[in-house]
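Counting begins at 1 with the first residue of the sequence. Ligands are counted one by one from 1 in listed order, and the atoms in each one are counted from 1 as well.
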Amino acid sequence: MKLKTLLVALGLPLLSFAGGQEIYSENCEKCHGFSRQGSLGLPLYRSTIANHSDRYLTKTIRYGRPGRIMPAFNLSAAQTAKLIRFLRAGIKAPQYDPTPIVGDADAGKYTYEQYCQRCHGAQLQGGEGTGKNFSWQKDREVSPPALANQGFLHAAEDQMIKRIIMKGIKDTEMMSFEKEFNFTDKMANDLVAYIRSHEKPIEQHLKSTTSEEPLVFVYESANDLGVTVDKLRDSAAAYNFRVYPSRTLFEGLGGIAGDDEKQVVIRFCNFKNMQKFLKLDPRLGVILPCRVTAVEDKSGQVKVYLENYMHAVERFNNEQISIDAKELINNMKEMVEEAVW
Ligand code: HEC
Ligand code: HEC
């Protein structure tokens, strides 16, 4: 993202020539194998990928698995998209409801100790070694991944974790606990709550501080204004925002655009989120942006502007507000990134 902003600032086009397969062989193959059978890394068979949303894959690639060999990659949104298309090979991406699952973490801990600990470890640290190469425990086909890993927890949706527990992962030791042990919905929810309780605030993983960040994030869109606006609206809806009619402004009527530019403001809101912020501090209502602006210049290039309200949020000097707001702005950044290519 930072790199991208920089490239835009330098006026460089965001082109990438390599296809998904090349990106895979250059970055992933040495650990995940030529035919994706796994080696130091887990197998990435299509049946595994079938459990993974685009969001999960994007974030897994971006955050890596700190301490578990899988590096964090600084690929552009376009490169990541190509790579994911290659991994999917035509299989449809699942969509998970991002609403957190509510469960009883203490009950989940008990179930974990009974059923999961022997493979995933008492501290959810994963099996010995990784993947299915030289370092792993030889009595296992594949070393069970770490579940308390921040890279995993920031990437995984609760609903994905639940689905994997209930349905298992085809042709692996990760069995269907619904089938084999008659797990109830509640048992799965409690387990998800327990696994989730190991997540640390995302702020601890952000390398840069707000003061170094730009006041406005600017993205170059690969499409024309109409397509960009449609994609932004779709992306906002996918991120659980309610989307309002867009406002079109010509000739910079109080907006960002100059005299001969076209400008569309896309407005969206997530009431649950908004309510949460208003409870923390009612003054937040005026600074949370809930809008992005798409501007087409004379040459037809479309840019998308997202205000970085963290600069304003930081003045509240309230850790909880900063953490929640950072998460929201990160969501909005992802939402835009997914719409500009
Ligand atoms: C240096 C080795 C290494 C490289 C390079 C690597 N990975 Fe990984 N990857 C791993 C390991 C190890 C894990 C499992 C972590 C664990 O055991 O907790 C993993 C896990 C994953 C997972 C999670 C799988 C699952 O079932 O949830 C995905 C997805 C993934 N890697 C994709 C990629 C992609 C895409 C690339 C290339 C951009 C890549 N990896 C490059 C080592 C690597
Ligand atoms: C017999 C060993 C074993 C047991 C028992 C087991 N797992 Fe797994 N689990 C695995 C392996 C191996 C994988 C990785 C499979 C693959 O992707 O190839 C896995 C994958 C997972 C994943 C996906 C993680 C990722 O990085 O994609 C989750 C979540 C998970 N297990 C949760 C659980 C929970 C919760 C339990 C207890 C109800 C459990 N597992 C019990 C072996 C096990």
Practice problem: Please identify which atoms of ligand 2 are closer than 4.0 Å to at least one heavy atom of V142. | Solution: 12 (C)
Quiz item: Once rounded to 10°, what is the value of the angle centred on atom 8 (Fe) of ligand 1 between H32 NE2 and M70 SD?
Solution: 170°
Quiz item: Does any N, O or S atom of C119, backbone or side chain, fall under 2.8 Å from atom 8 (Fe) of ligand 2?
Solution: no
Quiz item: Any idea which part of L57 is under 4.0 Å from ligand 1, heavy-atom wise: side chain, backbone, both or neither?
Solution: side chain
Self-check item: Angle, NE2 of H120 through atom 8 (Fe) of ligand 2 to SD of M174 - 10° precision
Solution: 170°
Quiz item: Heavy-atom contact under 4.0 Å between Y194 and ligand 2?
Solution: no
Quiz item: Out of G108, P43, C116, who gets a non-hydrogen atom closest to atom 38 (C) of ligand 2?
Solution: C116
Quiz prompt | Region of I169 that comes within reach of ligand 1 [heavy atoms, distance under 4.0 Å] | solution = neither
Quiz item: If you measure from each heavy atom of R65 to ligand 2, is any distance below 4.0 Å?
Solution: yes
Quiz item: With a 4.0 Å heavy-atom cut-off (strictly under), which part of I49 contacts ligand 1: side chain, backbone, both or neither?
Solution: neither
Quiz item: From C28, does some N, O or S atom reach closer than 2.8 Å to atom 8 (Fe) of ligand 1?
Solution: no
Quiz prompt | Which residue and heavy atom of the protein sit nearest atom 22 (C) of ligand 1, plus the separation | solution = T60 CG2, 3.8 Å
